[in-house]
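Owing to the predicted nature of the structure, the values given are computational and were not obtained by experimental measurement. For the numbers below, each heavy atom of this structure counts, side chains included, while hydrogens, waters and symmetry mates do not. Each ligand, and each atom within it, is numbered from 1 in the order the structure gives.
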Amino acid sequence: MTDTRERTDSRPGAEPQDQPAAGWRLAAGLAAAAAAIGAGHGVAALVNPNASPLIAVGSSLIDVAPTPAKEFAVRTFGTADKPVLVTGIAVVLLLIAALLGLLAWRRRPVALTGIALLGAVGVLAATLRPGATPWDALPSVAAGLAGLVALDRVSRIGGRSRTAGSAPHPSRRALLAGIGATALTAAVLGGGGIVVSQLRLAGAEARRRLGLPSPGSRSAPVPAAAQVEGNTPFLTSIDDFYRVDIALVTPRIDPDQWSLTIDGLVDRPLTLSYRQLLELPMIERNITMTCVSNEVGGPYVGTASWLGVPFTEIIKRVGVQTGVDQVFSYSSDQGYTCSTPYQAVSDGRDAMIVVGMNGEVLPDKNGFPARMLVPGLYGFVSGTKWLERIEFTRYDRRTAYWTSRGWATQAPILTQSRIDVPKSLGMLSKDKPVLAGVAWAQHRGIERVEIRIDGGPWQQATLADEAGVDLWRQWSFVYRGPAGRHTAEVRATDKSGKTQPERRTKVFPSGARGWHQIRFTVE
Ligand SMILES: Nc1nc2c(c(=O)[nH]1)N[C@H]1C(S)=C(S)[C@@H](COP(=O)(O)O)O[C@H]1N2
Ligand SMILES: [Mo]
């Protein structure tokens, strides 16, 4: 007999081998995974940040996820939906890697095949996405190789065949050194990737300090009486502005490398550099944007001052031909496309190609260098960020990202209203018993807001001043009711005379309907 370890291996015909305790093997699997992630991230920083294996798998999951899953993610995690997704993928990867580590000493070929398969998943995810290039396979190939080498190396430490004369026990020191070296490699590769991306960022950051042109026509100032005291700020700051998109990594575009092409059924197609775009005539407008994924009472709505080139100017320059009914826009974030009714960019409303937000250069998260904005339409049919191309075309020729996933083709913003004060389950103070909130029906305007307390009769709220039909409108309502618990509901009527319907609908496919309701307590 050799040693006790071998006797516990009862598999018939097995080639028993010494292996370290389970803890060491788990650690080896995890370290190999870390080396893979580090290598993938490092190479991705050089090739394309979106092709980093975790990001590529995450992006593919977003693409193939059924609509209810996406709605659930947006509803449950809000803007954190993407970190949650990437963390989830990382956890699954680490679990699999830990398992492969367990197997690595006695079933090395199985474990190594497992790592290779994980790498292959990354390669497929990175290269099958729309807009991918063959180079996008590199980070996953590097990750797979790093994982293979790491696990192969580490799992040879301490393993010994039965041949007499080899070391009797796996040496802890050797294991620690092997796993440590693997983890260090992971940190160096991953850290290197982070440094490279930061350096690139700094370069692009310097180039975007070109400043903004001044508009030929400024936005009308927001009347002081448009703001109800204590209510949500009428103008939303850049930091507070909601963010919704499918980009797992915020695109950071170098304006020197960027251009905007405008083509399709036009007489004079046009390609503009960033500088050329900034030289076109500009307007500045306050406009309220809304996301179709905003639930009743939800936060995906905000108002900013936008600086940009009016679509009418673009239409004039390129000479749009008859028969065009769809504006098809393309983004640089991996295959995102958007479909906008041509009518909405040509009927005289302030549709524009935006380069500035709240007096600043458009932030990366909101679409730098340029995005589209069309008052009155939900963001997914009008607000293309990281804009690269606008094609004037027809609905029977092109189908956009969300359209092909069943969302509405025509998607005007539905009339909505929200109670912001007091907060749901909050307290209405004795000295200032005022409910307040916002209502919006962009491009139609708000005519009336009504409040109903404890299911009683509808009563008119006081409307604050209107700042324009493309903007939300604030309201307030004094309530001196008995102390204790109450409910309040709100509904708005737009200037076409239509009142929000009571029946709630889901956000899919054309936006949520129904009345916002809160519970609150009177002091
Ligand atoms: N490139 C790109 N543009 C996009 C999206 C996207 O996923 N990718 N999402 C759209 C949606 S659904 C909305 S509501 C708005 C949100 O714009 P914001 O993030 O600046 O608030 O951007 C639109 N533009
Ligand atoms: Mo949206």
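A donor and an acceptor atom, one from each side chain of R444 and T415, are located under 3.5 Å apart. Using a 3.5 Å distance cut-off with no hydrogens or angles, the side chains of T250 and R243 do pair a donor with an acceptor. In this structure, a donor-acceptor pair under 3.5 Å is present between the side chains of N231 and Q474.
Proximity of the aromatic rings of Y378 and W440 is defined here by a centroid distance below 6.0 angstrom, and this criterion is not met.
Under the side chain to side chain contact (heavy atoms under 4.5 Å, CB included) test applied with W515, the options R504, Q500, R503 reduce to a single match, Q500.
With W386 as the aromatic partner, R371 does not meet the cation-pi criteria of under 6.0 angstrom to the ring centre and within 45 degrees of the ring axis.
Around ligand 1, the residues contributing at least one heavy atom under 4.0 Å from the ligand are F241, Y242, R243, V244, D245, I246, M289, C291, S331, D333, Y336, N366, R371, G379, F380, G383, T384, K385, W386.
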